[in-house]
Amino acid sequence: MIKIYSTLTRQLKEFKTIEPGVVKWYNCGPTVNGLMHLGHARSAIAFDTIRRYLEYRGYKVEYVMNFTDIEDRVIEVAKQEQRAVLEVAEEYLSYFRRDMASLNLKEATVHPRAMLHINQMIEFIEGLIEKGYAYESGGDVYFDVRKFEEYGKLSNQKIENILQEGTEDAENPKKRFPADFALWKEKKEGEPYWFSPWGDGRVGWSIECSQMSMMYLGDTLDIHSGGQDLIFPHHENEIAQSEALTGKPFAKYWLHNGYVNIDKEKMSKSLGNFVNIVDLLQHYSPDAVRLFVLQTHYRSPITFTEDAIDQAQITSDRLFDIVLLTKNYANDIKVDESFLSELDKDLLEKITKAREDFVKAMDEDFNTSNGFAVVFDYSREVNDYLRKAEQVNGAVISKADELFNEFRSIFGLYEDFNSYLSMELVEKLVKLLVEIRGEYRKEKNWGMSDKIRDELKAAGVSLEDNPKRVLWKLGEDKK
RNA sequence: GCGGAGUUAGCAAAGCGGCCAUGCGGGAGUCUGCAAAACUCUUGACGGGUGUUCAAAUCACCCACUCCGCUCCA
């Protein structure tokens, strides 16, 4: 049984989807006004892993993640750089997709973009006005939070305590109440705008998530997720809008990941203390970054230090060693041995046990930290076996490899094996063998030199001895 | 002010009442032509106090400190 923590109820509950076997999940994606930094990555990796785990546990996950491409901050960047908003959005969007791919983040089922859903959002707002939850005021449209009694339930705040007098936004005279939030904003000079029943303008920030999530997944989602910084006001507003419109619960489970801190401060755009993923990947492997993130439970804060990520890199490399070693043996099965030694039986038991322990750990609100503890214990056992067993049993080690594959697919680690088996490597190895064979030939050790040529040929590399040099090529000789 | 989260060994990080977390690092050993790896043992912790309990890192209360949200933010 999977237990899941929801910010709304602030406790662990059994995970039950509305439709059996299917998870409808909306993850709040980034605003594309800059490069992906570790804070974004932490969120994305955490939820990507939970998604992978749910899939591992047999769910079909419909995962929607938006890109906010029309928003104050994008417009601001466009102004500064004197470029079109669309152009800026396109550019950062492509960088985001690149960085997501390099971190081995799975593509969402749908990646909707706000700009392409403006008309539907206008309809959404019209619906709210009809129901009396929103009002037009001087070209703007606001959500009337006092009409929605449960406003504040997600962030656990009383309406009186929200937006005290004094802040600029609270004193906006167009509002009836300081905490009311904009659904539609009147156009400003030099900014993009759309036509609407209330005049030219553009949509407010939170409306896109409500509208797009409901459009792609239905009125009630199983999971809605994002960073803790979105709880208020963004998600609070989404709940208000959506539930006001449909009268149904908006999402069953609200998941929020902890921050990445640096120097005891939250890593964020506004503080300017962020580490970009592109830069980080200059020094650390994607696997190390994923491991770094996943060694901490998704709701806990992570403190970023160079030391910590160095440690993650070392750990990641060692884990990869044993994964690869196991795979090499598993690929090399010649005979399926039915005889099982004590060590074989022992390892088989440990494989079963490890899988059980792992599932138990992950079922408890996706405790990747404990999940990794199981993986590390397990990798030590496999390592031990590979070095101690008189003979490596192909059937047994294949089972071990299978479990490593399961772990890898859930954590999204070491998936690009091809990069380790490059043509470059083949070239180096063949050249080395040719060189060694050359020495044997000098010594007139024809036995060894022929053996190398024959074995290479069997492996698919043919050598051709010429007076000046040895040529080699891949593939069988033509007959 | 209001609302949350937290303080665990040298570092990172689980744990949510009793038994070994785990990773990195430190020490010793095994193996070994060299090198590397691996494995074994070991090192060590629960911010401070007072309670509750047969038993507390884990519950309650108090104190100290840190961070976060209430403003754009993953």
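Letters A, B, ... are given to chains in the order of the sequence lines, protein chains preceding strands, and every chain is numbered from 1. Note that the structure is a prediction, hence the values are computed from the model and not measured.
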K.L.:
Rounded to whole angstrom units, what separation is found between the OH atom of Y92(A) and the P atom of A74(B)?
P.N.:
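Y92(A) atom OH is separated from A74(B) atom P by 14 Å.
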
K.L.:
Please check: side-chain N/O of R176(A) versus main-chain N/O of D144(A), any donor-acceptor pairing under 3.5 Å?
P.N.:
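Not a single qualifying donor-acceptor pair exists.
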
K.L.:
Decide yes or no on salt bridge (Lys or Arg N to Asp or Glu O under 4.0 Å) for D140(A) and K175(A), but give the supporting numbers first.
P.N.:
CA-CA 9 Å; D140(A) 293 352; K175(A) 288 183 182 183; over 6 Å; no

K.L.:
Using atom NZ of K3(A) as one end and atom P of C16(B) as the other, report the distance to the nearest whole Å.
P.N.:
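Rounded to whole Å, this separation is 10 Å.
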
K.L.:
Pick the P atom in U42(B) and in U22(B), then give their distance to the nearest Å.
P.N.:
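Approximately 11 Å lies between the P atom of U42(B) and that of U22(B).
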
K.L.:
Could you tell me whether a side-chain N or O of D48(A) sits under 3.5 Å from a main-chain N or O of K106(A), the two making a donor and an acceptor?
P.N.:
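At least one qualifying donor-acceptor pair exists.
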
K.L.:
Which of residues 96-109 of chain A sit near RNA chain B, with a heavy atom under 4.0 Å from it?
P.N.:
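By residue number: none to list.
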
K.L.:
Once you round it to whole Å, what is the distance between P of A14(B) and CZ of R299(A)?
P.N.:
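To the nearest whole Å, that distance equals 10 Å.
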
K.L.:
Please determine whether a side-chain nitrogen or oxygen atom of N27(A) lies at a distance below 4.0 Å from atom OP1 or OP2 of A74(B).
P.N.:
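No, because none of the side-chain N or O atoms of N27(A) sits under 4.0 Å from OP1 or OP2 of A74(B).
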
K.L.:
Strictly under 3.5 Å: I want the nitrogen or oxygen pairs between protein and nucleotides 41-45 of chain B, one per line.
P.N.:
none

K.L.:
Check for a donor-acceptor pair, side chain of E236(A) on one end and backbone N or O of Y151(A) on the other, with a separation under 3.5 Å.
P.N.:
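Here the side-chain-to-backbone pair does not exist.
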
K.L.:
Going by the salt bridge (charged side-chain N to carboxylate O under 4.0 Å, His left out) test, which pairs reach into residues 388-414 of chain A, not counting sequence neighbours?
P.N.:
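Every pair satisfying salt bridge (charged side-chain N to carboxylate O under 4.0 Å, His left out) with a residue in residues 388-414 of chain A: K327(A)-D401(A), R355(A)-E406(A), D384(A)-K388(A).
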
K.L.:
Select base, sugar-phosphate, or nothing to describe what V375(A) touches, counting heavy atoms under 4.0 Å on all strands.
P.N.:
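Since no nucleic acid heavy atom lies under 4.0 Å of V375(A), the category is nothing.
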
K.L.:
What contact category does R387(A) fall into here, base, sugar-phosphate, or nothing, at under 4.0 angstrom with non-hydrogen atoms?
P.N.:
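Answer is base: heavy atoms of R387(A) come under 4.0 Å of a base.
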
K.L.:
Is it the case that over 12 heavy atoms from other parts of the model lie below 6.0 angstrom from the NZ atom of K13(A)?
P.N.:
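Open.
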
K.L.:
Where each residue is assigned the nucleotide of RNA chain B containing its nearest heavy atom, which of G226(A) and E381(A) is assigned the position nearer the 5′ end?
P.N.:
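Its nearest nucleotide lies further toward 5', so the answer is E381(A).
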
K.L.:
Taking S102(A) for its side chain and D99(A) for its backbone only, find out whether a donor-acceptor pair lies under 3.5 Å.
P.N.:
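Answer holds: yes.
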
K.L.:
Distance check needed: A74(B) P versus F67(A) CZ, whole Å only.
P.N.:
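About 12 Å, once rounded to whole Å.
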
K.L.:
Check this one for me: any side-chain N or O of T305(A) less than 4.0 Å away from OP1 or OP2 of A12(B)?
P.N.:
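No, no such contact exists.
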
K.L.:
Go through A74(B), A14(B), A12(B) for me and flag the one nearest to the A308(A) side chain.
P.N.:
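Looking only at heavy atoms from C-beta outward on A308(A), the closest nucleotide is A12(B).
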
K.L.:
With respect to R83(A), which candidate in E91(A), E90(A), E76(A) satisfies the salt bridge (Lys or Arg N to Asp or Glu O under 4.0 Å) definition?
P.N.:
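Running salt bridge (Lys or Arg N to Asp or Glu O under 4.0 Å) over E91(A), E90(A), E76(A) with R83(A) returns exactly one hit, E91(A).
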
K.L.:
Assess the pair F96(A) and Y92(A): is the distance between their ring centroids shorter than 6.0 Å?
P.N.:
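Distance test on ring centres: not under 6.0 Å, no.
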
K.L.:
For a quick check, with a 4.0 angstrom heavy-atom cut-off, what is the B/S/- contact string for nucleotides 20-33 of chain B, read 5' to 3'?
P.N.:
-BSBBS--------

K.L.:
Could you tell me whether H256(A) contacts a base, only the sugar-phosphate backbone, or nothing, with contacts defined as non-hydrogen atoms closer than 4.0 Å?
P.N.:
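Since no nucleic acid heavy atom lies under 4.0 Å of H256(A), the category is nothing.
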
K.L.:
Would you mind classifying the nucleic acid contact of N367(A) as base, sugar-phosphate or nothing, using non-hydrogen atoms under 4.0 angstrom?
P.N.:
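Sugar-phosphate, no base atom in range.
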
K.L.:
Considering every strand and a 4.0 Å limit on heavy-atom distances, what is the contact class for S268(A): base, sugar-phosphate, or nothing?
P.N.:
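Base, at least one base atom sits under 4.0 Å.
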
K.L.:
Taking E265(A)'s backbone N and O only, do any of them form a donor-acceptor pair with D263(A)'s side chain (distance below 3.5 Å, no angle check)?
P.N.:
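Pair absent, no side-chain N/O of D263(A) close to backbone of E265(A).
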
K.L.:
For Watson-Crick and G-U wobble pairs within 3.5 Å on both distances, what is RNA chain B written in dot-bracket notation, | included for inter-strand pairing?
P.N.:
((((((((.[[[..)..(...]]]((((((.......))))))...[[[[[..)....]]]]])))))))....

K.L.:
Will you find, in the side chains of Y216(A) and H117(A), an N or O donor that is under 3.5 Å from an N or O acceptor?
P.N.:
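Per modelled atom types, Y216(A) and H117(A) side chains form a pair under 3.5 Å.
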
K.L.:
Identify each atom pair where a protein N or O and an N or O of nucleotides 66-69 of chain B are less than 3.5 Å apart, giving names and distance.
P.N.:
unit_1	atom_1	unit_2	atom_2	d
C68(B)	OP1	K266(A)	N	3.4
C68(B)	O2'	Y259(A)	OH	3.1
G69(B)	OP1	K266(A)	NZ	3.1

K.L.:
Name the residue closer to the 5' end of RNA chain B, choosing between D307(A) and S300(A) according to the nucleotide with the nearest heavy atom.
P.N.:
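Result: D307(A).
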
K.L.:
Name the closest nucleotide to the S270(A) side chain, picking from A74(B), C72(B), A38(B).
P.N.:
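That would be C72(B).
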
K.L.:
Just call it for N156(A): base, sugar-phosphate, or nothing, with non-hydrogen atoms closer than 4.0 Å on any strand.
P.N.:
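It contacts sugar-phosphate atoms only.
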
